[in-house]
Amino acid sequence: MSSNDETTTAVPEADSRDTTEGRVYTVSGGDWDDVLADAQHDERMVINMGPQHPSTHGVLRLVLEMEGETVTQLRSVIGYLHTGIEKNCEYRTWTQGVTFVTRMDYLAPLSTELAYCLGVEKLLGIQAPPRAELLRVLLLEINRIGSHLVYIATGGMELGATTAMTLGFREREEVLHLLEHLTGLRMNHAFIRPGGLAQDMPADFAEKVTEFCKVMDKRLPLYDKLFTGQPIWRNRLKDVGVLPLDACLALGVTGPILRSAGLPWDLRKTEPYSRYDEFEFEVPTSTDADCWARYLIRVEEMHQSLKIIKQVLKKLEPGPVMVEDKKVAWPAQLSIGSDGMGNSLEHVRKIMGQSMESLIHHFKLVTEGFHVPPGQVYSPVESPRGEIGAHLVSDGGTRPLRVHMREPSFVNLQSMPAMSEGGLVADVIAAVASIDPVMGGVDR
């Protein structure tokens with residue numbers, strides 16, 4: 001083949017043009033070409049924001065078409081963090097599934113665990129003991145505060161308010177210390193299990209939680225001083241990323257974004273689960289439907305969560321934290337051993353000393369898991385980002401036939417174009433921050 005032939009075959013792969021500095025090759029492909037095909041006239045510019053951009057919350061890619069600094073078109077490109085969590089759950093036992101789903105929305109792992117476990121319990125026809133239900137509420141509300149603090153910290157940092165970042169993460173550290181003390185882990189707890197909880201709380205948990213509430217009651221007003229009353233912060237968020245109620249409903253948006261448009265839809269009130277109907281708390285709403293309203297709502301939700309946590313402590317009574325049914329209950333219910341899993345020598349000695357049958361049962365329950373009656377179920381929970389729901393299908397075996405999570409970050413991300421098109425590129429940052437997406441949940 002001649003050298004002339006070589007140059008002709010290379011043309012479709014990479015366009016080139018000669019400049020004063022030498023030959024420049026233009027390499028492109030995939031969805032980038034489709035976007036460029038739309039932007040025909042010279043005034044428009046197509047830019048990539050992400051997936052490694054610090055303002056796109058992890059690995060979100062936004063393809064922006066712009067005229068000057070105005071966004072004329074926006075596309076969200078997802079899938080850079082895909083982990084196949086739902087499919088993995090179908091190859092594990094029902095209990096092992098908790099370890100996977102907790103890693104989806106890694107800022108609110110306990111909400112995902114609860115949605116999944118409520119679904120399994122519905123299929124089994126069982127209900128967690130009263131103490132377990134109250135402790136689940138306690139954990140979820142502590143987790144909600146931590147999640148909203150990350151929203152303030154990251155959102156503030158992206159808009160240039162580095163104080164928001166240092167304060168937000170300082171307070172979140174209090175949340176993570178507390179969760180580590182209560183569950184053994186800072187994140188990805190796998191503490192809520194089908195039938196109840198992995199184990200009861202440590203002896204001093206009430207004092208630790210009360211102490212945490214005192215610290216947060218003292219520190220939360222700082223956010224109002226620093227941000228709510230701050231004209232720069234207010235002007236940066238006011239009338240930005242507007243998404244009215246009809247648009248929210250059309251796109252299936254839930255959580256603080258929906259409540260900022262005026263609809264007081266909170267599953268803890270509208271479809272109560274886990275004894276939420278026994279608590280007194282408000283659902284903050286607004287009709288401004290902008291980033292500012294979403295900020296105010298999340299700050300108020302932290303106050304309401306503290307209110308619920310204090311009520312849980314008053315209501316708690318001694319009792320089991322796992323169902324009595326030994327065909328479902330994970331057998332490690334005694335003190336934690338050196339392996340951190342609850343398989344203490346005392347526990348193993350007890351099982352082996354009882355009977356060969358109980359030892360076999362322990363082995364089969366841990367390795368094979370329990371059978372779940374055939375059927376399908378959808379169980380929704382109000383996570384810090386909106387409605388997270390578990391759609392589980394069982395064929396009667398020890399593993400799910402199908403697991404699908406309705407993830408609020410994934411659904412809410414659809415509102416990005418509606419919020420941003422027609423606005424400035426700087427306001428895209430504020431809009432993404434106000435959606436507060438977690439890419440682990442989007443790309444699960």
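Quick caveat: nothing in here was measured; it's all calculated off a predicted structure.
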With sequence neighbours left out, the residues meeting side-chain hydrogen bond (donor to acceptor under 3.5 Å, both in side chains) with Tyr223 are Glu171
For the residue pair Gly255 and Glu382, what are the closest heavy atoms and their distance? CA-OE2, 3.8 Å
Taking only residues two or more places apart in sequence, or in another chain, which ones meet Phe279 in a ring pair (Phe, Tyr, Trp, His ring centres under 6.0 Å)? none
Answer yes or no: is there a side-chain heavy-atom contact under 4.5 Å between Leu237 and Leu159? yes
Tell me every residue that passes side-chain hydrogen bond (donor to acceptor under 3.5 Å, both in side chains) with Gln376, counting only those two or more places apart in sequence or in another chain. His391
Side-chain (Asn143) to main-chain (Leu139) donor-acceptor, under 3.5 angstrom: no
With the side chain counted from C-beta on, respond yes when Leu306 and Asp217 share a heavy-atom pair under 4.5 Å apart, and no when they do not. yes
Run the salt-bridge test on Arg275 and Glu278 with the 4.0 Å N-O cut-off and return the result as yes or no. yes
Sequence neighbours left out, what passes ring pair (Phe, Tyr, Trp, His ring centres under 6.0 Å) with Phe100? Give chain and number order. none
Cation-pi check, Lys364 to Phe370: give yes when NZ or CZ is under 6.0 Å from the six-membered ring centre and within 45° of the ring axis, no otherwise. no
Would you say the side chain of Asp105 lies within less than 4.5 Å of the side chain of Glu407, judging by non-hydrogen atoms? yes
Which heavy-atom pair separates Arg294 from Pro256 by the least distance, and what is that distance? CG-O, 4.0 Å
List the atom of Val101, the atom of Thr112, and the distance in Å for their closest heavy-atom pair. O-CG2, 3.3 Å
So CG of Leu140 and CD1 of Ile308: to nearest 0.5 Å the spacing works out to 10.0 Å
Should Leu197 and Thr183 count as side-chain neighbours, where that means a heavy-atom distance under 4.5 Å? no
With sequence neighbours left out, the residues meeting salt bridge (Lys or Arg N to Asp or Glu O under 4.0 Å) with Arg131 are Asp200
So Glu174 and Ile142, do their side chains get closer than 4.5 Å, heavy atoms only? no
Using 0.5 Å steps for rounding, measure from the OH atom of Tyr151 to the CZ atom of Arg385. 12.0 Å
Check ring pair (Phe, Tyr, Trp, His ring centres under 6.0 Å) between Phe212 and all other residues, then give those that pass, not counting sequence neighbours. none
Is it the case that the side chain of Glu300 and the backbone of Ile297 share a donor-acceptor pair, with hydrogens and angles ignored and the cut-off at 3.5 Å? no
Could you tell me which residues satisfy ring pair (Phe, Tyr, Trp, His ring centres under 6.0 Å) with Phe191, sequence neighbours excluded, listed by chain and number? none
Could you work out, with side-chain hydrogen bond (donor to acceptor under 3.5 Å, both in side chains) as the rule, every residue matching Tyr295, not counting sequence neighbours? Thr228
Tell me, which pairs form a salt bridge (Lys or Arg N to Asp or Glu O under 4.0 Å) where one or both residues lie in residues 159-170, sequence neighbours left out? none
Just wondering, do Cys248 and Leu263 contact through their side chains at under 4.5 Å, heavy atoms? no
Shortest non-hydrogen contact from Ile145 toward Ile309: CD1-CD1, 3.9 Å
Among pairs that include at least one residue of residues 109-125, which meet salt bridge (Lys or Arg N to Asp or Glu O under 4.0 Å), considering only residues two or more places apart or in two chains? Glu121-Arg136
Can you tell me how far the CZ atom of Arg193 sits from the OG1 atom of Thr95, to the nearest 0.5 Å? 7.5 Å
Given side chains that start at C-beta, do those of Leu267 and Glu387 come closer than 4.5 Å, heavy atoms only? yes
Nearest 0.5 Å please: distance from the CG atom of Leu185 over to the CG atom of Leu176. 11.0 Å
More than 12 heavy atoms of other groups within 6.0 Å of Tyr91 OH: no
Could you measure the distance from the CG atom of Leu413 to the CG atom of Leu60? Nearest 0.5 Å is fine. 5.5 Å
Under 3.5 Å donor-acceptor, Thr398 side chain and Thr93 backbone: no
Check ion pair Glu86-Arg444 (N to O, under 4.0 angstrom): yes
Not counting sequence neighbours, list each pair that qualifies as a salt bridge (Lys or Arg N to Asp or Glu O under 4.0 Å) and has a residue in residues 139-154. Glu141-Arg144, Glu141-Arg268
Within residues 388-403 or reaching into it, pairs that qualify as salt bridge (Lys or Arg N to Asp or Glu O under 4.0 Å) - sequence neighbours excluded: Glu90-Arg402
Return the OG to CG distance between Ser409 and Asp436, rounded to the nearest 0.5 Å. 7.0 Å
Using a 4.5 Å cut-off on heavy atoms from C-beta on, say whether the side chain of Ile257 contacts that of Met419. yes
Val403 to Cys89 - nearest heavy-atom pair and separation: CG2-CB, 3.8 Å
